[in-house]
Amino acid sequence: MNDPERARPAAPDFAAIRAEFALPEGFAPEVLAEAERVAARGPVGDRVDATDLALVTIDPPGAKDLDQALGVARTADGFRVHYAIADVGAFVEPGGALDAEVRRRGQTVYLPDGSVPLHPPALSERAASLLPDGPRPAVLWTVDLDADGEPVSVDVRRALVRSLAQLDYEGVQADVDAGRLHPALAALPEVGRLRRALALARGAIELEMPEQEVVPAGAGWAVRVRERTPVEQWNEQISLLTGTSAARIMLSAGVGLLRTLPAPEPDALTGFRRTAEGLGVEWPRDAHPAQVLAALPATGAVPLAVRRSATALLRGARYTAFDPTAGAPVPRDPGHGGIGAPYAHVTAPLRRLVDRFGSELCLALAAGEEPPEWVRAALPDLPEVMAASDALAGKVGRACVDRTEAALLSGRVGERFEVVVLRAGGPDGEPGEVFLADPPVVARCSGVAEAGRMASVRLAAADPGTGRIEFAVGDAPQSQDAPTT
């Protein structure tokens, strides 16, 4: 795209998106006052002094709401993982104005021009954040792993920690590639690889679909596909290790709040296998869909179409609360089909409401104590609160991407593009779905008959006001075979 007119940055109206979804503008005075008060007061309660641990944070550049600090080291028998999580529960007073406000919000909502935070900045960007400027309160998870990466012991308690450095993914990846990894992360590559292999063995489904994000471009905005570095994948495995450890603690005690996803229905599995084999993908005997997906090339029309088809396997995610004292038994199927194990959210309490309650549950249960009554009282309502906030955050994020894409393409209606067909149209005229690489756009397309192909299509509509983008085959040449790498 060498044409300067085509390369100009987009100017989507994010303010209109904020208004459309009625996102809050700031916090009420009483909420801000309480946040400032508890931030100045500091955390309450006893805690272990763990400031001697080597811990660092890894986040996007410029982030201030730092939820996690980690340290991963080899031991004589395997590995030890320290994962410090921001101790938001040590600041938020149950029943206060701040507690009520964050329960209304549910989670931080991110837009390209700034976030709508779950907590006031006095907490989320200062007192409760694991910034590298002094001791901070944390919920400290210590997980010992054997040489294969399997947990052999788990401990969780309140602690005082000190982050040695605020790192970012690309910088850590560059350090890995140059062989100069921070000492706190000495064993992260090895543990990350082991945990990913174990996840694949237990059937964890990783789609690896192109993840679009809106980024600054000159005086405007552009859309790009965010490439996940190996470091980000390894770091994710530490979070998943902690979440699955939390789920085991909750299930053992019979009280908790899980993130569940049912195993794929037989019809969905049959349909996915039929699609994959129809696209020429080899399916070894008795192979799990996770293994088939992991064996796909990173790029190409066929792999993209297969991954898009696999989204049908990951439907029905929800939060599931259980507490016999409230008449809610342990779920019959407590697993998460995308992870391949039971899982609970506990690692992002600055950004997600449910994690604070999950942490409080695990702290009490690990200490052999009854969960706080205010935690138990909230469990029945949290799934609905989180479902609503998940839906809102998803709609806002999609609107930001869609309207930026439409703004980028609005002057090019009528032009032809080479796209990857992700999903063919239906027999009743239902549009299919295509992926355009530059700019990266996923959109509806009429007239596409076969997935896993390259197709020449015409841009039929691009409305920056609504984010509506549609392509059409029209009189374009029929699809041709696409490369698979």
Side-chain angles (χ1 to χ4, degrees), residues 12-27 65 67 88 99-119 124 205 207 209-214 223 226 239 243 256-262 264-265 268 308 310-322 328 331 333 335-339 343-358 378-406 423 433 442-444 465-469:
D13 189 352
F14 299 127
I17 294 175
R18 292 170 185 270
E20 177 182 339
F21 291 99
L23 299 181
E25 298 179 7
F27 291 87
D65 52 344
D67 280 298
V88 180
D99 186 31
E101 179 61 24
V102 297
R103 292 195 196 204
R104 280 192 291 269
R105 296 190 179 211
Q107 64 187 280
T108 296
V109 178
Y110 292 94
L111 294 90
D113 63 344
S115 66
V116 180
L118 175 61
H119 299 90
S124 62
I205 296 175
L207 296 181
M209 283 290 292
E211 185 176 338
Q212 301 154 286
E213 64 177 358
V214 180
V223 179
R226 189 172 72 88
S239 181
L257 181 60
L258 304 180
R259 182 65 167 166
T260 57
L261 179 69
E265 294 289 338
R308 173 61 182 82
T311 58
L313 304 179
L314 300 176
R315 291 178 178 166
R318 57 177 295 185
Y319 289 93
T320 302
F322 53 100
D333 179 9
H336 189 295
I339 296 171
Y343 178 72
H345 279 317
V346 293
T347 62
L350 289 174
R351 314 174 206 185
R352 195 169 46 212
L353 172 68
V354 68
D355 298 53
R356 170 163 61 99
F357 292 86
L379 288 181
D381 297 327
L382 285 172
E384 184 176 349
V385 171
M386 293 309 302
S389 67
D390 280 347
L392 175 62
K395 289 175 182 177
V396 170
R398 189 67 252 168
C400 290
V401 171
D402 287 348
R403 294 181 199 188
T404 305
E405 292 174 342
R423 178 171 51 81
E433 189 176 60
V442 177
R444 291 153 52 105
T466 64
R468 174 175 166 262
I469 298 174

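Predicted model only: the values in this text are computed from it and were never measured.
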Give the table of side-chain donor-acceptor pairs shorter than 3.5 Å for residues 390-397, with sequence neighbours excluded, one pair per line with atom names and distance.
| residue | atom | partner | partner atom | Å |
| --- | --- | --- | --- | --- |
| D390 | OD1 | Q107 | NE2 | 2.7 |

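In this structure, R315 CZ and L261 CG are separated by 11.5 Å, a value rounded to the nearest 0.5 Å. In this structure, T260 OG1 and Y343 OH are separated by 12.5 Å, a value rounded to the nearest 0.5 Å. Note that CG of D13 is 10.5 Å distant from CZ of R18, once rounded to the nearest 0.5 Å. Atom-to-atom distance recorded for L118:CG and E101:CD is 9.0 Å, nearest 0.5 angstrom. Here the straight-line distance linking atom CG of L353 with atom NE2 of H119 works out to 7.0 Å at 0.5 Å rounding. Distance check: L314 CG to I205 CD1 gives 5.0 Å after rounding to the nearest 0.5 Å.
The shortest heavy-atom contact between A406 and G467 is CB-CA, 4.1 Å. Among all heavy-atom pairs drawn from S239 and T347, the shortest one is OG-OG1, 3.0 Å. Closest non-hydrogen pair, A268 versus A312, comes out as CB-O, 4.0 Å. Heavy atoms only, all atoms of each residue included: R105 and P117 are closest at NH1-O, 2.8 Å. The two residues V214 and C400 make their nearest non-hydrogen contact at CG2-O, 3.7 Å. What you find for A344 and L257 is that their closest heavy atoms are CB-O, 3.7 Å.
A 4.5 Å side-chain heavy-atom check between H345 and M386 finds every atom pair outside the cut-off. Under the 4.5 Å side-chain criterion, counting only non-hydrogen atoms from C-beta, D65 is in contact with R351. No side-chain heavy atom of L379 sits under 4.5 Å from any side-chain heavy atom of Y319. For the pair V102 and V88, the minimum side-chain heavy-atom distance is 4.5 Å or more. The shortest side-chain heavy-atom distance between F21 and V109 does not fall under the 4.5 Å cut-off. Between R444 and R423, every side-chain heavy-atom pair lies at or beyond the 4.5 Å cut-off. Side-chain contact between H336 and L258: absent, with no pair of heavy atoms (C-beta onward) separated by less than 4.5 Å.
E20 CD: more than 12 foreign heavy atoms inside a 6.0 Å radius.
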Let's go through D67 and R352 carefully: what are the C-alpha distance in whole Å and the side-chain angles of both, what is the deciding distance for side chain to side chain contact (heavy atoms under 4.5 Å, CB included) to 0.1 Å, and is it a yes or a no? CA-CA 10 Å; D67 280 298; R352 195 169 46 212; over 6 Å; no

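Remark: F27 pairs with no residue by the ring pair (Phe, Tyr, Trp, His ring centres under 6.0 Å) rule, at least two apart or across chains.
Remark: the S115 side chain and the T108 side chain contain no N/O donor-acceptor pair separated by less than 3.5 Å.
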